[in-house]
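Notes follow the structure.
Below, read A as the first sequence line, B as the second, and so on, with proteins coming before strands; counting in each chain starts at 1. If you're wondering where the values come from, they're calculated on a predicted model, not measured in any experiment.
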Number of protein chains: 2
Amino acid sequence: MRSMVRQAHHKKESHARLTGGRVSESTVRRLSLYYRGLSTFEREGYKTISSKDLAKEGRLTPAQVRKDLSFFGSFGTRGLGYPVKELKEKIARILGLNRTWNVALVGVGNVGSALVSYKEFPKQGFNIKLLFDNDQRKINKNHKGIQVFDVKDLASKLKEHKIDLVILAVPASAAQAVTDDVVSAGVKSILNFAPTHIKVPDDVTLRSVNMAMELEHLSFSLVNKGYPLKF
Amino acid sequence: MRSMVRQAHHKKESHARLTGGRVSESTVRRLSLYYRGLSTFEREGYKTISSKDLAKEGRLTPAQVRKDLSFFGSFGTRGLGYPVKELKEKIARILGLNRTWNVALVGVGNVGSALVSYKEFPKQGFNIKLLFDNDQRKINKNHKGIQVFDVKDLASKLKEHKIDLVILAVPASAAQAVTDDVVSAGVKSILNFAPTHIKVPDDVTLRSVNMAMELEHLSFSLVNKGYPLKF
DNA sequence: TTAATATTGTGAAATTGTTCACAAGTTTGA
DNA sequence: TCAAACTTGTGAACAATTTCACAATATTAA
């Protein structure tokens with residue numbers, strides 16, 4: 001920290017590195033928000049942006065924006081703000097969006113099909129390369145240009161195609177078994193849409209999207225409206 | 001909450017009431033988790049359950065389970081644990097799952113169609129009553145048994161059918177305009193699937209499911225693996 | 001050049017959330 | 001009945017996160 005001022009002209013180490021790399025989950029989530037905000041500002045022709053304006057994009061405070069960014073380095077200029085294009089690129093690099101990832105999707109049902117068509121994924125470098133299902137009527141056919149394989153061959157195909165990331169869109173009852181196969185193939189990142197709790201080893205990152213849980217949150221708010229809840 | 005008051009004769013008022021009703025977002029999320037865990041335990045025939053066993057269902061500590069529940073009252077018996085059936089019902093009431101909600105869904109595209117077929121929703125009392133789209137080929141047709149209306153009539157139809165909750169599955173570019181209509185119809189809860197930031201008044205609860213954001217989180221973990229991240 | 005204004009980066013303070021530790025109450029078995 | 005074993009509910013300690021507040025620095029205008 002001490003070196004921040006002195007080294008103003010040199011490339012300096014990030015706070016994240018200096019402090020042992022502890023970045024909170026919330027900070028990462030907000031980084032995604034900043035990324036989207038910066039994309040908008042860039043499109044609108046802004047060259048620089050202040051933490052104040054960036055904060056408006058979410059419901060955040062300028063101090064929080066600055067604190068978050070300071071974990072990764074000091075990207076701004078006092079009196080002026082942050083350079084939109086460069087900050088966007090920095091965040092892209094931090095989030096791993098400056099490259100492509102090989103993605104496989106298991107379960108070509110309703111949710112799975114919707115995800116295959118979801119245009120945000122390829123836009124951000126997430127390319128769905130393989131599909132898997134256990135339904136013989138779907139196996140070995142093409143689904144929107146991507147071949148569907150038998151889920152029995154999951155582990156071998158994941159390795160063969162160097163898949164980085166697997167999306168699970170299978171029924172809750174099948175989720176753990178499929179996950180175990182995915183883990184055995186050495187994949188370290190899983191996005192789960194099955195409405196159930198899944199166990200993975202510590203070195204595997206799992207994120208779950210549970211739409212029923214989101215609705216429950218809303219219904220809680222409806223039932224408890226009038227109370228001064230903090231969210 | 002109303003039932004809490006009634007019980008005040010023999011049981012203490014809930015912490016939530018005593019402390020002014022401040023329940024954190026994380027607590028609500030964990031309540032959903034407990035609910036699912038309790039459903040499992042009930043199915044397996046358990047009559048009572050300890051905070052220890054309930055904690056295993058998520059990756060939580062027994063103390064946290066007890067603290068969370070204590071916000072709403074004291075439901076357990078020392079030495080024995082919590083009565084599975086009753087606790088499940090209590091949480092259902094807290095989360096508003098002991099009743100049904102009228103839901104409308106705007107945007108019958110890929111994501112919207114998948115959501116219409118999502119079986120968890122009706123299971124938990126979320127009944128999709130109306131669909132809306134701006135595509136003339138879809139309007140006035142049935143989609144999986146539910147009629148599709150013109151999004152132009154959104155506000156009037158929402159009021160007419162006493163819709164509690166709206167799910168947005170429209171493109172990012174349309175999200176804010178549709179939201180403004182929804183808000184003008186007096187709906188207080190919105191679940192947004194459009195990958196964009198939406199502004200709502202303070203008395204409207206908005207939750208967003210952003211699948212690209214979840215993938216970004218995973219790619220961050222992939223890029224930064226090796227760092228001692230805390231999540 | 002100077003003054004007024006803007007804005008970052010960051011310790012410190014405040015707030016919020018989690019875990020600990022144990023008194024109090026319940027059950028079980030002898 | 002009693003003692004041993006459990007388990008809740010909760011104040012207090014601890015940890016994490018957010019906000020505050022301001023020195024440092026850049027920009028703008030005269």
Any B:Phe220 side-chain heavy atom under 4.5 Å of B:Glu216 side chain: no
Between B:Asn192 and B:Ala194 (side chain of the first, backbone of the second, donor and acceptor by atom type, cut-off under 3.5 Å), is there such a pair? yes
So, is B:Ser51 close to the D:dT8 phosphate, meaning a side-chain N or O under 4.0 Å from OP1 or OP2? yes
Any side-chain heavy atom of A:Met211 sitting closer than 4.5 Å to one from B:Leu115? yes
Mind listing the side-chain donor-acceptor pairs of residues 173-183 of chain A below 3.5 Å, one per line with the distance, residues two or more places apart or on another chain?
unit_1, atom_1, unit_2, atom_2, d
A:Gln176, OE1, A:Lys199, N, 2.9
A:Gln176, NE2, A:Asp180, OD1, 2.9
A:Gln176, NE2, A:Lys199, O, 3.1
A:Thr179, OG1, A:Ala175, O, 2.7

Indicate whether OP1 or OP2 belonging to D:dA26 is found under 4.0 Å from a side-chain N or O atom of A:Tyr82. no
Under-4.0 Å side-chain N/O to phosphate OP1/OP2 contact, A:Ser70 with C:dG9: no
Is any side-chain heavy atom of B:Ile190 less than 4.5 Å from a side-chain heavy atom of A:Leu218? no
Roughly how many Å is it from CD in B:Gln64 to P in D:dA15, rounded to a whole number? 16 Å
To the nearest angstrom, how far is A:Leu69 atom CG from D:dT19 atom P? 15 Å
Spacing of A:Asp68 atom CG relative to C:dT8 atom C1', expressed in whole Å: 14 Å
Just N and O in the side chain of B:Arg59: are any of them under 4.0 Å from OP1 or OP2 of C:dT18? no
Just how far, in rounded Å, is P of D:dC20 from NZ of A:Lys67? 13 Å
Of B:Lys52 and A:Ala63, whose nearest nucleotide on DNA chain D comes first from the 5' end? B:Lys52
Starting at CG of A:Leu60 and ending at C1' of D:dT19, how long is that distance when rounded to a whole Å? 13 Å
Name the closest nucleotide to the A:Arg66 side chain, picking from D:dT19, D:dT8, D:dC22. D:dC22
Are A:Lys85 and A:Glu89 within salt-bridge range, i.e. N to O under 4.0 Å? yes
Treat primed atoms plus P, OP1 and OP2 as sugar-phosphate and everything else as base, then score nucleotides 24-30 of chain C 5' to 3': B for base contact with protein heavy atoms under 4.0 Å, S for sugar-phosphate contact only, - for none. BBB----
Can you tell me how far P of D:dT18 sits from CD of B:Glu25, to the nearest Å? 12 Å
Whole-Å gap separating P (D:dA16) and CZ (A:Arg29): 18 Å
Side chain to side chain, A:Val103 and A:Phe121, heavy atoms closer than 4.5 Å: no
